[in-house]
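Just below is one structure, and these are the notes that go with it.
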Amino acid sequence: MDMSRPQPLQKTRNIGIAAHIDAGKTTLTERILFYTGALYKIGEVHDGAAHMDYLAEEQSHGITITSAITKANWQDHLIQIIDTPGHVDFTIEVERSMRVLDGCVIVLDGVKGVEPQTETVWRQRSRFNLPSLFFINKVDRPGADFQNALKTIDKRLGVRALPVTVPLPEQQAVIHLIERSLIRFSGEHGEQLSQEPCDDTLWASVAEQREALLLGIAETDEAFADQVLGGEEPTPEQIWSALRQATLSGETCPCFGGSALRNLGVQPLLDGVVKLLPSPLERPPALAWREDGSRTEVAMVDDQPLVALAFKVQMWDGRRHVFARIYRGQLKPGDRIRYRLPDGEERQEQVARIFDMDAGRKSRLERAGAGDIILLAGLRHASTGDTLYEPGHPLLLERIDTREPVLSLALEPATSEQEEKFLEVMGKLLEEDPTLRFGEDPETGQNLISGMGELHLQIVIERLKREFNLEVRAGKPAVALRETITRRAEASLLFQPPLDPNRKEPLMARVAVAVAPLGRGQGVHIEGSPRILPEGSQLSTAQQEALDQGVRFALAGGPLEGAQLQDLEITLSEVELFGNHSTPEALTSATARALRKALGNAGPALLQPIMKAEVSVPEENMGAVLGDLQSRHALIQDTERGLENATIHCEVALASLLGYTTELRSMTQGRGQFSTQFERFDIA
C-alpha cells in the first residue's frame, strides 16, 4: 500500500534520544509512544518488555544496544525518534544516528546530573550542531536536585541551560515557567493532565528560575533583552519565539524536569520538541563534494536528483537491510542507485523494497522523499557512510567517522565443521558494526575479534549463539596496544644485497631518515622532500612511490610488539641513487630498513588505552574503592560526595579494568557502578 508522507516536512521532527547509560532514555521513549497513542501499553525496561529494546540481548541485559527508530504524532506534528544506546561500547550507534538527525533530547539522571557518557554524547551532538533539549529525569529519587543538574550542564558541557518546567514530584506536578501554570499528571499512567494558573505563593518559589530563563534568552536576543530589562513582561508567545531562535542557534538548551518512570513531566517535553526543535527544512543544507573536489549545498527538495546517506547496515530476518536518510530527491522500489566505495570504486545496485520502521517492525512504502529516514532492502554491498546517488549525478556527502577498537580476544567455532559458517556470519556482523574488527593474528594464526569493550564483545558472542546457532570458544580479552617513540633518532642505511644469480645487475640504494616524537593524539607526520644524490638527480614517479611504500611497510608494526605506530614525525632527509641499480624495489627496502633502524634507536615505548572513568559507590565504601583504584595506578582527578553516594573521577589504563565490574560489586555489596570512555593512547 502507498504510505506517502503523513505530514509535510514543516511539521516533521527527526530527533534522537541520548544519554549516559541508565539515565532512563528508553523509559522516556516508551512514555512518549504511549502518550502519543503509538503504543496502547507501556513496556518497562526492568521487565525486559520495552518496545524499543527489541533485541533479545537488550531485554536480558536491560540496556539499549542498537539504535531503534519509531514514529509518533503530537500536536499535529510527526515526531520520528531514534532511541540510542547509552553504554560507551556502542557509541558508534549514537555517532551515526546524530549524523542524520535534526535535533536531540539528552536525558540526565536528576541525582547525578552530567555523567561521562553525557559528555561523549554532547561532543557527538556538537559535531553536527544539533539543537538540543534536556530532560532532567528521576527527580523523584532521593538526592535528586533539579537545580544542581542544571549547574552540571553549565559547568561540564559549557552551554547555557535554561529551565522551562520545574518538577514538583511530591505533588506529581510541574510548574511551567513560560505558561505560568501548574500542570498535574494523574490517571494510571499520568495520561490525564490538568493545567491551572500558578498561585502567587508557588510562583514566588520559582521566581529565580523564571528570571534565569528570561535573562538567558535576553543574552541571545537584543529586542527581547530591551523588553525584559525595561520591566515589560513578555507574553508566552514571545518567550517561545525567542527561546526557539536561541535553541536553533545552539546558544541555549531548554531544560524540562520530570520522572519518566513515574509518568511525570513527559507531555510538556513533547510540546517543547514541537515548539523548539527544527523541522528538516530549518536545518543548514548538507554539504557534498562533486567529482572535481568542489563543494556544493544539497537543498532538501523532492524534485532534484537523489542524494541519500546510508548510515547503518542491519541483518533483519536473516536479510541485509540498509538504513538511509534522504537529503534530496525521491526513491521508489526498483530504482537504481550508485555509490562510491572508500577506495574510489563506483558500484550500482537496485533498491528492491523500501520500508518504514517502528522499532522491530517494518511496513512497506511505495515512495520516500527528502527528509525521510527509511530502511532499504536489496542493496548487497552499500555500507555505513556511503552516499547513495542517482546514476549520472554523483555527489559525496561527508562519511561517518568510526572508532578504533581497544580490546581483542581470540574467537573460533567450537567445531571445525562450522568454520565456513562462522567466517560467513562474522562477515555479516562486520558489515553491521564499523567498530568491530575480525582477522587472523599473523603471529599466532588465531582468529581475533576486536571491539570497544568487554560488553561489546560479549554481545557479539551472545548474538552468534542466539541468531546464528553458532557455538564458539573465546579466549581472554587482550588490550589493543599502540607504539610510539620517546626521543629523536637518525639512521642511514645502504641497501646492497648479495647479487641474485637470476638478476643481471646488483641492487643498491641509500636512504637517510630522522624520527622525532609528537604529542599524544598527533598521529604520524611524514616529511618527504629529501636531498637527492648525486646532485642534480631526480626521482621518477615510480621511485617516489617506492619511498612512500617503504615508509608504509616500516609503520605497519613497531619494534617492540609489532603494534601500530603513532605520534611521531618522519623526515626522509637524503636519498642516494646508484643509476640503474636503484630500482623501486631497492628504494623500498632501503627506506623501510632505515626507518626501522631509526625507530629502534628512538626509545620505542608501548601505548596503552587510557580510559576516563567515573566510579559511583556508597559513602562507606569510598576508602576501599579509592585504595583499590590507586593499586591499579589510576590517576584520581576528583571526588564528589553526595547524601549517600560518592563519585570518583579518574584516568586508568584499560588493562587494569578488565574484570573490574565483578570486583567493584564485591567491594560494595553490588551497589557500586562504574562507567568508562576512551580518552587516548598513552604510556601507562
Side-chain angles (χ1 to χ4, degrees), residues 13-54 58-59 62-64 67-75 77-86 103-111 132-141 144 146 149 164-169 171-174 176 183-195 254-277 358-361:
R13 302 288 183 268
N14 290 316
I15 66 166
I17 298 184
H20 184 93
I21 188 170
D22 202 32
K25 28 175 215 325
T26 299
T27 303
L28 174 62
T29 308
E30 294 293 314
R31 295 312 188 272
I32 288 174
L33 294 177
F34 178 75
Y35 296 141
T36 57
L39 278 184
Y40 68 91
K41 176 187 174 187
I42 292 177
E44 302 294 8
V45 175
H46 51 263
D47 294 333
H51 175 70
M52 301 298 282
D53 285 348
Y54 60 90
E58 295 179 313
Q59 293 162 6
I63 62 169
T64 302
S67 301
I69 301 176
T70 192
K71 288 180 168 66
N73 287 285
W74 186 256
Q75 307 289 16
H77 284 67
L78 172 69
I79 303 176
Q80 189 156 248
I81 303 166
I82 299 186
D83 174 32
T84 63
C104 68
V105 174
I106 298 176
V107 185
L108 298 188
D109 184 317
V111 178
S132 304
L133 310 181
F134 280 90
F135 184 67
I136 315 296
N137 194 24
K138 302 186 178 183
V139 296
D140 57 306
R141 291 180 58 199
F146 178 73
V164 176
T165 60
V166 178
L168 301 174
Q171 298 185 37
Q172 194 65 14
V174 301
H176 204 299
I183 305 174
R184 298 185 187 276
F185 304 85
S186 57
E188 185 182 355
H189 298 296
E191 69 277 12
Q192 296 174 16
L193 270 65
S194 62
Q195 190 163 350
C255 299
F256 298 77
S259 170
L261 188 62
R262 301 290 172 239
N263 311 309
L264 172 66
V266 176
Q267 294 93 325
L269 173 68
L270 278 168
D271 291 339
V273 168
V274 167
K275 291 183 176 182
L276 299 173
L277 292 182
D358 177 12
R361 296 191 292 271

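Values reported hereafter were calculated over all heavy atoms of this structure, with side chains retained and with hydrogens, waters and symmetry mates removed.
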**Asked** Is the shortest heavy-atom distance from the side chain of N137 to the side chain of L28 under 4.5 Å?
**Response** no

**Fill in**
Tightest non-hydrogen contact, residues R13 and V274, listed as NH2-O, 3.0 Å

**Prompt:** Should T36 and N73 count as side-chain neighbours, where that means a heavy-atom distance under 4.5 Å?
**Reply:** no

**Item:** Minimum heavy-atom distance between H189 and F34, given as atom pair plus value
**Value:** CB-CE2, 3.6 Å

**Prompt:** Who passes side-chain contact (heavy atoms from CB on, under 4.5 Å) against A173, sequence neighbours left out?
**Reply:** Q171, L182, R184

**Complete:** One should read off an interatomic distance between L269 CG and L133 CG, to the nearest 0.5 angstrom, of 6.5 Å

**Asked** Listed by chain and number, what are the side-chain contact (heavy atoms from CB on, under 4.5 Å) partners of Q195, not counting sequence neighbours?
**Response** E179, S181, I183

**Asked** Could you state the interatomic distance from CZ (R262) to CZ (F185), rounded to the nearest 0.5 Å?
**Response** 15.0 Å

**Fill in**
Closest non-hydrogen contact found for V266 with A260 is CG2-CA, 4.2 Å

**Request:** State, to 0.1 Å, how close P268 and F256 come at their nearest heavy-atom pair, and which atoms those are.
**Result:** O-CE2, 3.5 Å

**Over all atoms of both residues, closest heavy-atom pair of D140 and S259** = OD1-OG, 2.9 Å

**Side chain proximity check, P167 to I136, heavy atoms < 4.5 angstrom** = no

**Prompt:** What closest approach, in Å, do N14 and Q80 show between heavy atoms, and which atom pair accounts for it?
**Reply:** OD1-NE2, 3.0 Å

**Approximate separation, where rounding is to 0.5 Å, of W74 CH2 and Q267 CD** = 5.5 Å

**Prompt:** Looking at OG of S132 and CG of L276, how far apart are the two atoms once the value is rounded to the nearest 0.5 Å?
**Reply:** 11.5 Å

**Prompt:** Just how far is it from atom CZ of F135 to atom OG1 of T165, taken to the nearest 0.5 Å?
**Reply:** 7.5 Å

**Request:** Would you check if H176 and V164 make a side-chain contact, meaning some heavy-atom pair closer than 4.5 Å?
**Result:** yes

**Message:** Given I32, which partner from the list T70, T27, I81 fulfils the side chain to side chain contact (heavy atoms under 4.5 Å, CB included) test?
**Reply:** I81

**Message:** As an exercise, state the distance from CD1 of I15 to OG1 of T29, rounded to the nearest 0.5 Å.
**Reply:** 8.0 Å

**Prompt:** Under the side-chain contact (heavy atoms from CB on, under 4.5 Å) test, which residues partner R141, sequence neighbours left out?
**Reply:** D109, V111, K138

